[in-house]
Number of protein chains: 2
Amino acid sequence: MNEGKITNKNGLTEEQFLAAYNADKYEKPSVTADIIIFTVSDEEKESYRKLPQKVLKVLLIKRGDHPYMGQWALPGGFAQIDESLEEAAARELKEETSIDDLYMEQLYTWGDVARDPRMRVISASYLSLADSKTLDIKANDDADDAKWFTVSYKLFQEQKTVTEKGYILTRLFKLELQNEDDRLSAIIKTVKAVEGKVSKTEREILESKGIAFDHAKIIEYGIERLRSKIEYTDTAFNLMPELFTLTELQQVYEVILDTELLKANFRRKIADMVTETNEYTKDAGHRPSKLFKFNANWNDTK
Amino acid sequence: MNEGKITNKNGLTEEQFLAAYNADKYEKPSVTADIIIFTVSDEEKESYRKLPQKVLKVLLIKRGDHPYMGQWALPGGFAQIDESLEEAAARELKEETSIDDLYMEQLYTWGDVARDPRMRVISASYLSLADSKTLDIKANDDADDAKWFTVSYKLFQEQKTVTEKGYILTRLFKLELQNEDDRLSAIIKTVKAVEGKVSKTEREILESKGIAFDHAKIIEYGIERLRSKIEYTDTAFNLMPELFTLTELQQVYEVILDTELLKANFRRKIADMVTETNEYTKDAGHRPSKLFKFNANWNDTK
DNA sequence: GCAAAAGTGTTTCTTATACACCCATGG
DNA sequence: CCATGGGTGTATAAGAAACACTTTTGC
């Protein structure tokens with residue numbers, strides 16, 4: 001019957017094997033896709049002259065049911081059996097922001113056993129970036145309970161212990177998320193243990209006020225990823241509108257990296273990632289500035 | 001009864017909610033942890049004078065059952081319900097190499113729908129590195145059907161199409177995996193589509209000879225990760241034994257990056273990542289060279 | 001002696017960093 | 001006129017890249 005076909009030790013061909021396969025031999029975990037979406041938007045102007053300050057914001061959803069009822073969580077949900085993880089993430093994102101075509105990259109997959117009190121849940125997290133102007137247009141007015149929170153993320157303690165074959169570096173970060181009504185916070189500990197050649201970094205939530213599950217850790221990881229990518233890639237432009245001034249671009253870099261940059265040097269650094277247009281800002285209370293757009297071909301020469 | 005406790009819209013407290021929770025409302029995917037383990041080892045010497053050539057190797061397992069029976073796959077397996085993804089990966093790795101304490105980092109989670117003909121399988125992949133001397137000692141002699149394959153990975157076609165708002169960059173890579181008995185190969189296409197600010201990269205297997213599932217894609221991704229990390233971190237030392245010569249270290253960089261490096265410049269670049277010892281090689285057929293070890297504190301000054 | 005590799009020095013070019021200066025606008 | 005930001009130049013330091021040369025061993 002099975003002439004000419006490869007059979008396994010039970011004498012089954014691939015078709016026969018697949019037809020008989022029992023996919024439920026083992027207990028399976030649930031899988032979710034969670035999305036961190038960041039944007040940078042303007043605070044109120046202090047005077048007619050000053051430029052508005054930029055702040056980094058993250059979108060969170062208020063939980064309407066147990067567990068962590070009333071607390072805030074990253075948008076996300078269970079991956080359906082017939083959609084890829086990317087599709088699940090994009091679907092959840094669209095449900096919350098009603099935007100289709102956002103930048104999105106896989107961040108990390110969180111696989112600890114006790115992440116969720118309901119059951120074993122593995123969460124694939126995605127990092128997404130949007131510019132605030134596009135978000136304004138497609139305002140998610142249905143806004144079940146989705147809100148943007150201003151992000152503050154600071155290192156406040158660092159400790160290094162030297163061991164025989166390496167060292168242990170412990171850092172404490174304070175994450176604060178804030179909007180008009182709520183103020184959430186968390187303390188995250190990262191431990192980098194170097195022993196010989198092998199180094200391991202672990203993250204732990206020491207305190208989490210108002211942030212559901214282990215999402216404080218995911219947000220922390222997302223900020224770190226954003227910081228490192230902005231330095232050597234063009235991701236920052238996903239946070240910019242079509243047209244922008246170089247100072248606006250610089251402010252975005254500054255708010256993400258949490259440092260001040262020198263104007264002249266910054267402009268040289270990003271020079272070939274942008275193209276100038278013939279348009280200018282107006283009514284700014286000071287000299288108008290030229291508007292630029294992203295130059296997708298900037299790394300051609302490199 | 002439920003005084004003082006938060007209840008949801010059905011009047012349930014968290015305890016009651018969790019007790020009643022049905023974790024099997026939706027069909028769940030299976031989750032595996034797969035590991036790419038790389039090592040760099042010596043080829044035969046050509047003459048008593050010449051140094052042995054270094055080659056990059058990856059560990060694969062011959063599949064003993066359907067699907068892809070007889071083909072080669074990355075070591076890995078289903079994540080148990082009571083172990084984290086890291087634990088699952090480490091367990092699988094130990095089963096194959098009998099080494100405990102290897103460098104391991106999460107690589108990427110593959111979530112496409114049709115990755116496995118048996119059922120929906122999501123695979124969290126991990127990248128691991130080992131030095132060949134340690135591997136030699138703890139030889140995995142039980143060797144069910146685990147074998148090391150020499151890796152060759154080359155770009156052989158590149159095509160750029162400029163569009164209105166960006167470009168499409170298509171690249172074809174040839175991956176070849178080889179040992180004494182088998183010669184596997186795959187062609188992988190990566191498409192980077194830049195449109196406005198948003199860029200997307202997709203990977204596709206055009207041809208896969210002898211490599212099971214989508215594992216050719218995972219290996220390709222692992223090589224890319226290894227290449228980029230070796231340039232700006234100290235991961236390379238995970239491929240080195242305790243003591244090594246600077247030329248050996250340079251060979252490891254060269255085989256991974258697939259380029260030749262200038263000796264003097266290379267030595268300046270890695271100078272503060274290594275510490276010299278008082279030991280030397282001998283009987284080399286040429287001038288003996290000083291042995292170095294990894295300096296875990298190299299980034300202190302930065 | 002000589003092949004092969006070990007090991008170091010010099011020159012040049014490119015980037016990064018810090019700082020100083022002038023320009024244009026709206027109230 | 002002046003606060004505020006727009007925009008550019010210059011000088012110095014640090015780093016990357018290319019090349020040249022000397023030293024040491026085993027056979």
Side-chain angles (χ1 to χ4, degrees), chain A residues 42-54 230-233 243-255 257 259-293 298-299 301-302, chain B residues 42-54 230-233 243-255 257 259-293 298-299 301-302:
Chain A
D42 292 349
E43 291 278 83
E44 287 308 299
K45 284 195 193 191
E46 288 173 26
S47 83
Y48 78 94
R49 282 207 156 119
K50 284 210 168 186
L51 284 178
Q53 277 247 296
K54 300 266 179 207
I230 207 178
E231 299 240 49
Y232 66 98
T233 71
L243 297 179
F244 50 84
T245 69
L246 294 184
T247 301
E248 285 176 320
L249 183 61
Q250 183 173 344
Q251 287 178 316
V252 168
Y253 274 77
E254 287 177 338
V255 72
L257 296 174
T259 41
E260 305 223 320
L261 303 170
L262 289 172
K263 186 169 44 166
N265 297 344
F266 176 76
R267 286 171 183 227
R268 270 187 287 270
K269 185 174 172 160
I270 52 91
D272 35 315
M273 291 198 263
V274 296
T275 319
E276 62 176 40
T277 67
N278 295 319
E279 296 184 63
Y280 287 82
T281 57
K282 48 189 175 182
D283 305 322
H286 53 258
R287 177 173 171 181
S289 66
K290 191 168 270 186
L291 290 168
F292 288 76
K293 59 181 183 185
W298 67 276
N299 48 8
T301 47
K302 300 217 169 184
Chain B
D42 293 347
E43 291 278 82
E44 288 306 301
K45 285 195 190 190
E46 287 174 26
S47 83
Y48 77 95
R49 283 204 155 119
K50 283 211 170 188
L51 285 177
Q53 277 246 297
K54 300 267 179 204
I230 206 177
E231 299 239 49
Y232 65 97
T233 71
L243 297 179
F244 49 85
T245 70
L246 294 184
T247 301
E248 284 176 322
L249 183 60
Q250 182 173 345
Q251 286 178 316
V252 167
Y253 274 76
E254 287 178 337
V255 73
L257 296 174
T259 41
E260 304 223 323
L261 303 170
L262 291 172
K263 187 170 42 165
N265 296 345
F266 176 76
R267 285 169 183 228
R268 271 186 287 270
K269 186 174 173 163
I270 52 92
D272 36 313
M273 291 198 263
V274 296
T275 318
E276 61 175 41
T277 66
N278 293 320
E279 295 184 63
Y280 288 82
T281 57
K282 48 189 176 182
D283 304 324
H286 50 79
R287 177 174 170 179
S289 66
K290 192 170 269 188
L291 289 169
F292 288 77
K293 59 181 182 183
W298 68 276
N299 48 8
T301 48
K302 300 222 168 175

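Just so we're on the same page: letters track the sequence lines, and every chain starts at 1.
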> Just wondering, are more than 12 heavy atoms of other shown residues or ligands nearer than 6.0 Å to CD in Glu254(B)?
yes

> Rounded to whole angstroms, how far apart are NZ on Lys282(B) and C1' on dA4(C)?
20 Å

> Supply the atom-to-atom distance Lys269(B) NZ to Leu262(B) CG, rounded to the nearest 0.5 angstrom.
12.0 Å

> Hey, does Leu51(A) reach any base, or is it just sugar-phosphate, or nothing, if we go heavy atoms under 4.0 Å?
sugar-phosphate

> Heavy-atom nearest nucleotide on DNA chain D for Tyr280(A) versus Arg268(A): which residue maps closer to 5'?
Tyr280(A)

> Could you state the interatomic distance from CD (Gln53(B)) to CG (Asp42(B)), rounded to the nearest 0.5 Å?
10.0 Å

> Show each protein N/O and nucleotides 21-25 of chain C N/O combination with a separation under 3.5 Å, one pair to a line.
| unit_1 | atom_1 | unit_2 | atom_2 | d |
| --- | --- | --- | --- | --- |
| dC23(C) | O2 | Arg287(A) | NH1 | 2.8 |
| dA24(C) | O4' | Arg287(A) | NE | 3.4 |

> Which whole-number value in Å describes the distance from Leu262(B) CG to dT8(C) C1'?
14 Å

> Could you tell me whether the phosphate oxygens of dG7(D), OP1 or OP2, come under 4.0 Å of any side-chain nitrogen or oxygen in Arg267(A)?
yes

> If I compare all heavy atoms of Phe244(A) with all of Glu248(A), which pair ends up nearest, and what's the gap?
CA-OE1, 3.4 Å

> For Ala284(A) and for Lys269(A), locate the closest nucleotide of DNA chain C by heavy-atom distance; then report the residue assigned to the nucleotide nearer the 5' terminus.
Lys269(A)

> Just the rounded figure in Å: distance from C1' of dT8(C) to CG of Asn265(B).
12 Å

> To the nearest Å, how far apart are Gln250(A) CD and dT17(C) P?
14 Å

> Under 4.0 Å, counting only non-hydrogen atoms across every strand here, what does Thr247(B) touch: a base, just sugar-phosphate, or nothing?
sugar-phosphate

> When the distance from CG of Leu257(B) to C1' of dA17(D) is rounded to whole Å, what number comes out?
16 Å

> Between P on dA5(C) and CZ on Phe244(B), what's the gap in Å once rounded to a whole number?
19 Å

> If you measure from OG1 on Thr233(B) to CG on Asn299(B), what distance do you get to the nearest 0.5 Å?
10.5 Å

> For Tyr253(B) versus Ile270(B), what's the shortest heavy-atom pair and its separation?
OH-CG2, 4.1 Å

> For Gln250(A) and Lys263(A), work out which heavy atoms get closest and say how close.
OE1-CA, 3.7 Å

> Quick one: Glu260(B) CD to dA18(D) P, roughly how many Å, whole number?
13 Å

> Which nucleotide in the list dG7(C), dT8(C), dA6(C) gets nearest to the side chain of Ala264(B)?
dT8(C)

> May I have the distance from Glu231(B) (atom CD) to dA16(D) (atom C1'), rounded to whole angstrom?
13 Å

